[in-house]
Amino acid sequence: MLSIKNISFSYQETKVLSGVSLSLEKGNHLSVMGESGSGKSTLLKAIYGLLHLDSGEIFWENQKILGPNFNLVPGEKYMKYVAQDFDLMPFTSVAENIAEHLSAFEMDTHADRIEELLKVIEMVDFANVKVKNLSGGQKQRVALARALAQEPEILLLDEPFSSIDQFKKNQLRHNLFPYLKEKGITVLNATHDPEDVLSFADSILVLKNGEMLAYNTIAQLYQKPKEKYVASLFGQVNELPISLLKEYSEVDASILVYPHELEISKDSGFEVYVVNNHFKGSHYLVEAVAENGQSVLFKNLHALKIHARAYLNVSLQLVNKRLLPK
């Protein structure tokens, strides 16, 4: 188990992490989410032992993780940290970059292991290409393969797909994360992309200004977010005054509703006026304005006429789950 106990860290006088605590079972996948500057990367660096904490402790299976004040070379051997700067050897080949991190005592297995990892990152045809001739996205994939060379117990990923194009990114997720789960590797993935999370992570830690805003399973945080900041990490979300609904016209509160949860009705619900349609492939994201001037986004199979009137309903069950009192 990875155990983080009330850690805090500051850069000079600026507090970057404050009172972060969590525990993660071996082989589980935790996504660390939050906007830029929320402390995601700093948390990974602290876990890896690159930072000397102001306070708190970090343990892996009862072994305390020590920072740079105690280790001449920071970083624990059973962990791998994939940063956003890749740190590859540019004048050697892709295969040589991976081989550098394999054990010198297992030379006879190197070829098979390199091929296995190249298949995971879908770069078999680039084995002999020098890293300096690769694109940014390809370099990021090589950095992932290199980190996996000796199957670490913990893998720390800092925006692992940020330089990879969307087409390759989707396939790589489906290759990499099930592979890590199969190998029993504990994963902490710092990301702002919900596509990295929804199908793969076991739990989510949400950071805001260095503090823990939420920590729970994906289903719990998606269905019952504590505030709009948490819900917005999963995509676009509406925060609507509940008084828009006739049944709650006297209630001073708001409700969080994802666009797909608003249902069009012929003659019931609250009234909106269409101002734009955004084509999303399988549907349109319709932008509208409610009578009180509130902006509203909802999904529809077809585009609606600009300035057309529509009625939107919110289910009673959703109201009970998502009501945010003032």
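Throughout, numbering of the chain's residues begins at 1 and tracks the sequence. Basis for what follows: all heavy atoms, side chains included, without hydrogens, waters or symmetry-related copies.
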Side-chain heavy atoms under 4.5 angstrom apart, residues restricted to Ile, Leu, Val, Met, Phe, Trp, Tyr: same cluster for L88 and L118?
-> yes
Partners meeting side chain to side chain donor-acceptor pair (under 3.5 Å) with K226 (sequence neighbours left out) | none
Results of salt bridge (charged side-chain N to carboxylate O under 4.0 Å, His left out) for K168 - residues two or more places apart only | E122
Begin with the C-alpha distance, continue with both residues' side-chain angles, and end with the deciding distance and a verdict on side chain to side chain contact (heavy atoms under 4.5 Å, CB included) for V314 and R322.
-> CA-CA 11 Å; V314 179; R322 302 267 184 78; over 6 Å; no
Lys/Arg-Asp/Glu bridge criterion (N-O < 4.0 Å) met for K119, E116 | no
Heavy-atom donor-acceptor pair, N313 side chain to E263 backbone, under 3.5 Å | no
Restricting to pairs with a member in residues 111-161, which pass ring-ring contact (aromatic ring centres under 6.0 Å, His included), not counting sequence neighbours?
-> F161-F177
Y81 side chain near L50 side chain, heavy-atom distance below 4.5 Å | yes
Residues pairing under side chain to side chain donor-acceptor pair (under 3.5 Å) where one sits in residues 18-46, two or more places apart or in two chains, turn out to be S41-D158
Output yes when E227 and K208 qualify as a salt bridge under the 4.0 Å nitrogen-oxygen rule, no when they do not.
-> yes
If you group Ile, Leu, Val, Met, Phe, Trp and Tyr whenever their side-chain heavy atoms sit less than 4.5 Å apart, what else falls in with L297?
-> L285
Would you indicate whether Q166, at its atom CD, is surrounded by more than 12 heavy atoms from other residues, nucleotides or ligands within a distance under 6.0 Å?
-> yes
Quick one: side chains of residues 127-137, donor-acceptor pairs under 3.5 Å with protein atoms, not counting sequence neighbours, listed by atom name and distance.
{"residue": "S135", "atom": "OG", "partner": "Q138", "partner atom": "N", "Å": "3.2"}
{"residue": "S135", "atom": "OG", "partner": "Q138", "partner atom": "OE1", "Å": "3.4"}

So, the side chain of E96 versus the backbone of F91: is there a donor-acceptor pair under 3.5 Å, distance only?
-> no
Looking only at heavy atoms, the pair that brings P160 and N189 closest together is CD-OD1, 3.1 Å
Residue pairs passing the salt bridge (charged side-chain N to carboxylate O under 4.0 Å, His left out) test where at least one lies in residues 14-23, sequence neighbours excluded | K15-D54
Note, L304 side chain near I264 side chain (heavy atom, < 4.5 Å) | yes
Connected to Y229, directly or through other members, by ILVMFWY side-chain contacts below 4.5 Å are M33, V197, L198, I204, V206, L213, I218, L221, Y222, V230, L233, F234, V237, L256, Y258, L324
Would you mind listing every salt bridge (charged side-chain N to carboxylate O under 4.0 Å, His left out) that reaches into residues 305-319, with sequence neighbours excluded?
-> E271-R309
Can you name the salt bridge (charged side-chain N to carboxylate O under 4.0 Å, His left out) partners of K64, sequence neighbours left out?
-> E57
How close do I58 and A46 get, heavy atom to heavy atom, and via which atoms?
-> CD1-O, 3.5 Å
K181 side-chain N/O to G27 backbone N/O, donor-acceptor pair under 3.5 Å | yes
Taking the six-membered ring for Trp, is the centroid-to-centroid distance between F200 and H174 below 6.0 Å?
-> yes
Taking side chain as C-beta onward, heavy atoms only, is L148 less than 4.5 Å from I121?
-> no
Which heavy atom in W60 sits nearest to a heavy atom in E153, and how many Å separate them?
-> NE1-OE1, 2.9 Å
Under the side chain to side chain donor-acceptor pair (under 3.5 Å) rule, what pairs show up with a residue in residues 139-151, not counting sequence neighbours?
-> H101-R146, Q140-S162, E151-K183
Kindly give the heavy-atom pair with the smallest separation between A149 and L102, and that separation in Å.
-> O-CD2, 3.3 Å
Carefully, step by step, assess I306 and N277 under the rule side chain to side chain contact (heavy atoms under 4.5 Å, CB included).
-> CA-CA 8 Å; I306 304 301; N277 295 279; 3.8 Å; yes
To which residues is Y311 joined in a hydrophobic cluster, defined by side-chain heavy-atom contacts under 4.5 Å among Ile, Leu, Val, Met, Phe, Trp and Tyr, whether direct or through other members?
-> none
